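Heads up, the thing below is written out as structure tokens.
If you're wondering where the values come from, they're calculated on a predicted model, not measured in any experiment. Values below: all heavy atoms of this structure, side chains included; hydrogens, waters and symmetry mates excluded. Numbering starts at 1 and runs along the sequence shown.
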Amino acid sequence: MTGPVVGPPAPWEQVLAAVLRAAYAWSVRHTGAAAVKEVARMTGVLMAAHGPGVGPVTPGELAEALHRRLGLLPAIADCDDREISDAILLADDCLTDQAYDLACEYAGPLGAAIDKGSRLPSWTMMRAEQIQAAAREAMAESGRQQDYVASRRFLIEHPAATSRAELRELLSVAGVSLPPGGYQAIPAEQRHRARDGVDWWWPCPICRWPMAVTGDRVRCRYRPHTASYRIARTPWARSRSRPGVAPETGPRSRHRIRPVLTRTDPGPRVAMPAAQPAADAVCVETGIWRFVVVPGASELRLYRKLTRLGAAVELWPDLDAYDLLVTVGSMAYKIDLKEYRSTRRLLEKLRDARPDVEILLPDTHDRQLGVLQDALPRAVRVTTERRFVSRIRNQLKECR
Ligand SMILES: [Zn+2]
């Protein structure tokens with residue numbers, strides 16, 4: 001597997017990568033010795049970074065520290081990004097949304113000696129570019145642009161399926177190849193066990209991946225997908241009586257009810273997700289969701305929006321050299337969508353990469369525009385979804 005060359009991480013970034021791994025491993029420590037060992041190894045990385053006599057010095061102390069602000073760890077006190085120093089990675093021993101966000105932007109290799117033997121999922125220890133590069137390699141196997149686009153669209157449009165049989169059917173219709181890892185059973189943290197012992201899951205209304213279930217709260221792990229829900233308390237229903245059939249009585253008359261959600265945030269209206277049975281359902285793994293499906297949902301939204309306006313739009317040209325080629329008359333625009341939670345991280349990337357395509361911030365991230373424009377050289381062009389769409393609309397009008 002190959003990926004872009006990245007510079008050596010700052011000391012605090014190494015510690016951040018270690019605590020993200022430790023937080024993940026702690027959250028799954030009941031799964032076996034490998035996870036427990038991983039927490040111990042990461043405690044060692046922190047002790048080496050902090051020097052003698054500075055805590056945490058045991059896995060238990062580290063887990064306690066991960067329930068508090070990261071900035072309280074001496075090694076991370078040097079980091080001036082509040083996104084990071086204010087983040088809390090664990091709540092009641094479960095990974096927080098902030099932990100997922102940070103892992104997606106700051107997970108990274110810690111060195112051959114430490115990485116050897118780690119059996120963590122890729123998104124907790126690999127950089128986004130490496131996961132994307134591996135997925136791209138698998139999807140571009142045939143070398144044909146149309147196969148690549150079909151595979152990528154498939155993952156974005158079907159990040160979960162109700163069963164392997166349904167997935168096989170969908171795949172054979174689309175005729176696509178899959179990235180490594182493929183699909184897996186829906187993880188326990190994304191299922192709701194009803195009182196009758198039946199498991200359910202809900203697709204996020206934006207990305208369609210199973211939303212995280214914490215107690216009775218249901219929400220997509222990607223925080224810009226803001227719709228939040230609570231599982232409504234539904235009593236066991238009695239069978240409805242049918243004409244000529246006496247209503248049943250007693251416990252056997254009860255039947256399974258599909259749990260329902262109520263919306264708890266005031267955000268824009270979206271269709272209410274319906275509960276799906278989880279027993280046979282499958283979904284893509286976290287790394288593919290976060291690095292292919294989440295940005296893909298925005299890429300496809302923009303693709304549809306611009307196509308509807310009348311522009312000619314090509315997705316991921318030249319096997320993903322960039323995201324969209326938008327053509328209006330004789331004008332062609334090469335666009336890369338960037339959806340980073342940390343403005344600082346995005347700034348670093350753009351400074352290093354000096355992209356020659358125009359960078360587009362989706363509507364959810366347009367507040368980053370001012371900071372980026374102030375800090376980046378003029379040669380790096382940055383715009384927002386709103387501005388770009390209005391530019392294309394105006395040009396289409398001129399062409400008519
Ligand atoms: Zn989502």
Side-chain angles (χ1 to χ4, degrees), residues 3-4 6-24 66 68-73 75-91 95-110 122-132 206-207 219-226 286-287 289-299 323 336-355 359-377 380 382-385:
V6 282
W12 66 262
E13 280 187 77
Q14 287 256 344
V15 170
L16 181 56
V19 292
L20 287 164
R21 279 194 205 186
Y24 172 80
L66 299 178
R68 296 192 295 265
R69 284 181 55 244
L70 279 182
L72 296 171
L73 289 170
I76 293 191
D78 293 346
C79 162
D80 56 7
D81 189 341
R82 300 274 311 256
E83 259 323 312
I84 295 165
S85 54
D86 286 350
I88 294 170
L89 301 189
L90 290 173
L95 280 182
T96 59
D97 292 344
Q98 292 167 317
Y100 281 95
D101 281 352
L102 286 180
C104 290
E105 288 173 19
Y106 285 94
L110 291 177
S122 60
W123 63 275
T124 64
M125 48 190 299
M126 276 158 77
R127 291 181 187 275
E129 297 90 336
Q130 292 173 307
I131 295 176
Q132 282 164 336
I206 315 252
C207 68
R219 189 179 166 178
C220 181
R221 272 214 182 105
Y222 185 58
R223 284 186 285 170
H225 297 174
T226 51
T286 307
W289 164 70
R290 186 57 183 76
F291 300 122
V292 178
V293 176
V294 166
S298 298
E299 288 152 10
D323 292 334
D336 241 346
L337 263 90
K338 292 287 179 212
E339 200 164 332
Y340 276 66
R341 180 161 187 82
S342 164
T343 313
R344 172 208 175 101
R345 192 64 165 168
L346 177 55
L347 199 53
E348 283 169 6
K349 296 263 166 176
L350 295 176
R351 260 197 202 125
D352 292 348
R354 299 278 181 124
I359 301 301
L360 185 144
L361 304 168
D363 285 339
T364 44
H365 291 63
D366 55 7
R367 65 182 192 290
Q368 296 175 330
L369 181 69
V371 180
L372 293 175
Q373 280 180 330
D374 289 347
L376 286 168
V380 181
V382 187
T383 188
T384 62
E385 181 173 346

First locate atom CG of Asp336, then atom CD1 of Ile359, and finally report the distance between them rounded to the nearest 0.5 Å.
5.0 Å
From CG (Leu337) to CG (Leu360), nearest 0.5 Å
5.0 Å
Let me see the working for Ser342 and Glu83 under side-chain hydrogen bond (donor to acceptor under 3.5 Å, both in side chains), right down to the final yes or no.
CA-CA 7 Å; Ser342 164; Glu83 259 323 312; over 6 Å; no
Side-chain heavy-atom pair Leu372, Leu347 within 4.5 angstrom cut-off
yes
Charged N to carboxylate O under 4.0 angstrom, Glu348 versus Arg351?
no
Between Trp289 and Cys220, is there a side-chain heavy-atom distance shorter than 4.5 Å?
yes
So, using salt bridge (charged side-chain N to carboxylate O under 4.0 Å, His left out) as the criterion, who are the partners of Asp366 when residues are at least two apart?
Arg386
In this structure, CD1 of Ile84 is separated from CZ of Arg344 (nearest 0.5 Å) by 6.0 Å
Would you please name every residue forming a ring pair (Phe, Tyr, Trp, His ring centres under 6.0 Å) with His225, sequence neighbours left out?
Tyr222
By side chain to side chain contact (heavy atoms under 4.5 Å, CB included) - contacts of Gln373 (at least two apart):
Leu369
How far does CG of Leu73 sit from CD1 of Ile76, to the nearest 0.5 angstrom?
5.5 Å
With sequence neighbours excluded, residues passing side-chain hydrogen bond (donor to acceptor under 3.5 Å, both in side chains) with Tyr100:
Arg221
Quick one, Thr226 and Thr364 - any side-chain contact, counting heavy atoms below 4.5 Å?
no
Among all residues two or more places apart in sequence or in another chain, which pass the salt bridge (charged side-chain N to carboxylate O under 4.0 Å, His left out) test with Arg69?
Asp86
What pairs with Asp101 under salt bridge (charged side-chain N to carboxylate O under 4.0 Å, His left out), at least two apart in sequence or on another chain?
Arg223, Arg341
